[in-house]
**Q** 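Below you will find the structure I want to go over with you.
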Amino acid sequence: MAAEQAFVTLATNDSYARGAMVLGKSLRNHKTSKKLVVLIGPHLSDQSRAVLHKIFDEVRLVDVLDSGDTAHLAMMKRPDLGITFTKLHCWTLTHYSKCVFMDADALVVSNIDELFDREELSAAPDPGWPDCFNSGVFVFRPSNETYGKLLQYCTEHGSFDGGDQGVLNGFFSDWATADINKHLPFIYNMSSIAIYTYLPAFKQYGANAKVVHFLGQMKPWSYTYNPTQRKLRGNVQASSQSDFLLQWWALYCAEVLPMLIREYGDQPFNSGCEEDAAESGECVEPLVSSAERKQRWEQGQADYMGIDSFDNIQKKLDVFLK
Ligand SMILES: O=c1ccn([C@@H]2O[C@H](COP(=O)(O)OP(=O)(O)O[C@H]3O[C@H](CO)[C@@H](O)[C@H](O)[C@H]3O)[C@@H](O)[C@H]2O)c(=O)[nH]1
Ligand SMILES: [Mn+2]
């Protein structure tokens with residue numbers, strides 16, 4: 001039986017690859033004793049692949065469209081579930097006895113090797129529906145048998161949310177009730193959404209987080225960072241959420257960007273960083289329309305220190321309650 005254990009992530013494009021690089025570095029910096037594996041799609045640039053090879057022990061190409069296996073067949077029946085099938089591929093890593101899957105938009109802020117004491121399928125509750133687990137961090141046992149069953153489930157039942165989280169919750173359907181040991185504490189998959197759903201708890205416990213998950217539409221790499229000012233562009237500055245965002249960017253700039261620069265050489269590429277805009281006066285907060293503000297709020301991107309601050313919310317509530 002395979003003895004080794006590994007952290008596994010997935011990146012199908014160069015943006016998520018940056019996330020995977022930062023995640024890999026964060027695991028190494030916190031001295032994991034486990035192997036690091038990244039599953040990649042066929043569209044990654046050579047430069048991304050080269051950097052991933054330096055950070056991860058194993059870089060494995062999973063081309064669902066190209067493969068002649070059952071995933072391909074499943075995929076032809078359910079083309080809507082493309083990336084989902086790719087993520088399920090982690091079950092085929094049978095040269096490892098146990099693995100922890102982590103989304104590429106996660107950041108490790110403390111050693112989490114103790115997760116390997118848990119059994120399949122262990123995961124943390126999803127903040128939106130806590131009887132579902134969030135599939136951004138989960139413990140699993142690679143097995144071709146389970147992989148086959150998952151694909152079959154996927155093809156027959158689809159995904160109630162259109163992604164892997166729906167499939168996995170459907171398949172491991174007794175997670176909510178069967179075994180409390182399979183409930184990971186929220187600190188192993190702390191999404192920034194908690195900041196606006198339960199701010200006092202975030203203030204009380206946020207510092208205990210071991211994994212931060214940038215769940216939702218806005219990813220760390222969706223922003224532009226100013227390395228000189230150590231600030232993000234836009235209206236996210238100074239919110240507590242941006243502490244973790246800034247941590248992600250600091251690690252990216254210090255340890256990942258130099259590797260990318262080495263690979264790209266003279267070729268220009270989008271680093272995600274802007275030159276110091278202080279002198280040019282460019283770095284001003286953009287005005288946000290009310291519709292846009294609502295959208296950001298719903299995506300967990302509220303401006304807690306500014307217009308969406310607790311004081312302002314309180315004032316609004318007072319008006320209604322009077
Ligand atoms: O174009 C893509 C999209 C996703 N991924 C990978 O798939 C993961 C999941 O996608 P993500 O954008 O992180 O989803 P979330 O915003 O985290 O949303 C939720 O919904 C997803 C779909 O059900 C689940 O995979 C997540 O775990 C869950 O947190 C990513 O982290 C990557 O590892 C890619 O490689 N390329
Ligand atoms: Mn995610």
Side-chain angles (χ1 to χ4, degrees), residues 7-24 26-27 36-45 48-49 52 55-56 59-65 75 78-91 93 99-108 121-130 132-140 150 153-154 157-172 175 184 186 188-194 197 209 211-223 241 244-245 248 296 298-301:
F7 284 102
V8 182
T9 188
L10 164 68
T12 63
N13 58 44
D14 285 340
S15 304
Y16 279 95
R18 301 236 171 130
M21 291 165 195
V22 172
L23 170 65
S26 70
L27 282 160
L36 301 189
V37 179
V38 60
L39 307 176
I40 61 164
H43 304 298
L44 251 67
S45 65
S48 289
R49 286 171 201 238
L52 288 171
I55 299 173
F56 288 80
V59 180
R60 178 182 279 231
L61 178 68
V62 279
D63 190 354
V64 170
L65 290 172
M75 174 77 183
R78 299 298 307 252
D80 51 315
L81 297 175
I83 288 161
T84 299
F85 289 115
T86 315
K87 192 164 178 178
L88 297 182
H89 253 90
C90 65
W91 261 273
L93 297 167
C99 296
V100 172
F101 182 91
M102 300 188 76
D103 269 6
D105 59 344
L107 175 73
V108 168
L121 187 288
S122 294
D126 185 85
W129 191 266
C132 283
F133 58 85
N134 181 276
S135 61
V137 177
F138 62 86
V139 183
F140 70 102
L150 273 165
Y153 181 89
C154 208
H157 305 270
S159 166
F160 72 78
D161 69 359
D164 58 274
Q165 186 162 313
V167 173
L168 291 171
N169 273 278
F171 188 80
F172 296 100
W175 174 83
L184 298 180
F186 191 59
Y188 289 101
N189 185 351
M190 200 213 63
S191 61
S192 31
I193 280 173
T197 51
V211 178
V212 182
H213 183 185
F214 299 99
L215 174 162
Q217 222 171 319
M218 288 298 280
K219 301 303 183 194
W221 53 86
S222 318
Y223 299 90
Q241 171 182 356
F244 289 120
L245 268 178
W248 188 96
R296 285 194 190 173
E298 285 166 358
Q299 290 167 0
Q301 305 293 331

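Both ligands and their constituent atoms are indexed starting at 1 by order of listing. Values below: all heavy atoms of this structure, side chains included; hydrogens, waters and symmetry mates excluded.
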**Q** Going by the order shown, which atoms of ligand 1 are within less than 4.0 Å of some heavy atom of Gly216?
**A**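 Under 4.0 Å from Gly216, ligand 1 has these atoms: 16 (O).
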
**Q** Got the closest protein heavy atom to atom 30 (C) of ligand 1, with its distance?
**A** Tyr16 CE2, 3.4 Å

**Q** Suppose we only allow N, O or S atoms; which atom of His213 ends up nearest to the Mn ion (ligand 2)?
**A** NE2

**Q** Counting non-hydrogen protein atoms only, what is the nearest one to atom 31 (O) of ligand 1? Give residue, atom name and distance.
**A** Ala104 N, 3.0 Å

**Q** Counting from 1, what ligand 1 atoms have a heavy atom of Ala11 closer than 4.0 Å?
**A**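 Within the 4.0 Å cut-off of Ala11, ligand 1 contributes 35 (O).
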
**Q** Can you list the atoms of ligand 1 that are under 4.0 Å from a heavy atom of Asn13?
**A** 1 (O)

**Q** Looking only at N, O or S atoms, find the one in Asp103 nearest to the Mn ion (ligand 2) and name it.
**A**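 Nearest N/O/S atom of Asp103: OD2.
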
**Q** Polar contacts were defined as any N/O atom of the residue lying under 3.5 Å from an N/O atom of the ligand; does this apply to Asn134 and ligand 1?
**A**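 Min N/O separation from ligand 1 is below 3.5 Å for Asn134.
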
**Q** Heavy atoms only: which of Ser191, Gly41, Ser135 is nearest to atom 24 (C) of ligand 1?
**A**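 Answer by nearest heavy atom: Ser135.
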
**Q** Using heavy atoms and a 4.0 Å limit, tell me yes or no: is Gln217 in contact with ligand 1?
**A**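 Flag not set, Gln217 not near ligand 1.
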
**Q** What atoms in ligand 1 come closer than 4.0 Å to a heavy atom of Leu215?
**A** 16 (O), 17 (O), 29 (O)

**Q** Which of the numbered atoms in ligand 1 are below 4.0 angstrom from a heavy atom of Gly136?
**A** 27 (O)

**Q** For atom 8 (C) of ligand 1, which of the options Asn169, Asp103, Leu168 provides the nearest non-hydrogen atom?
**A** Asp103

**Q** Could you label the plane-to-plane angle of the Tyr16 and Trp221 rings as parallel, tilted or perpendicular, counting under 30° as parallel and over 60° as perpendicular?
**A**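 Tyr16 vs Trp221 ring planes: perpendicular.
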
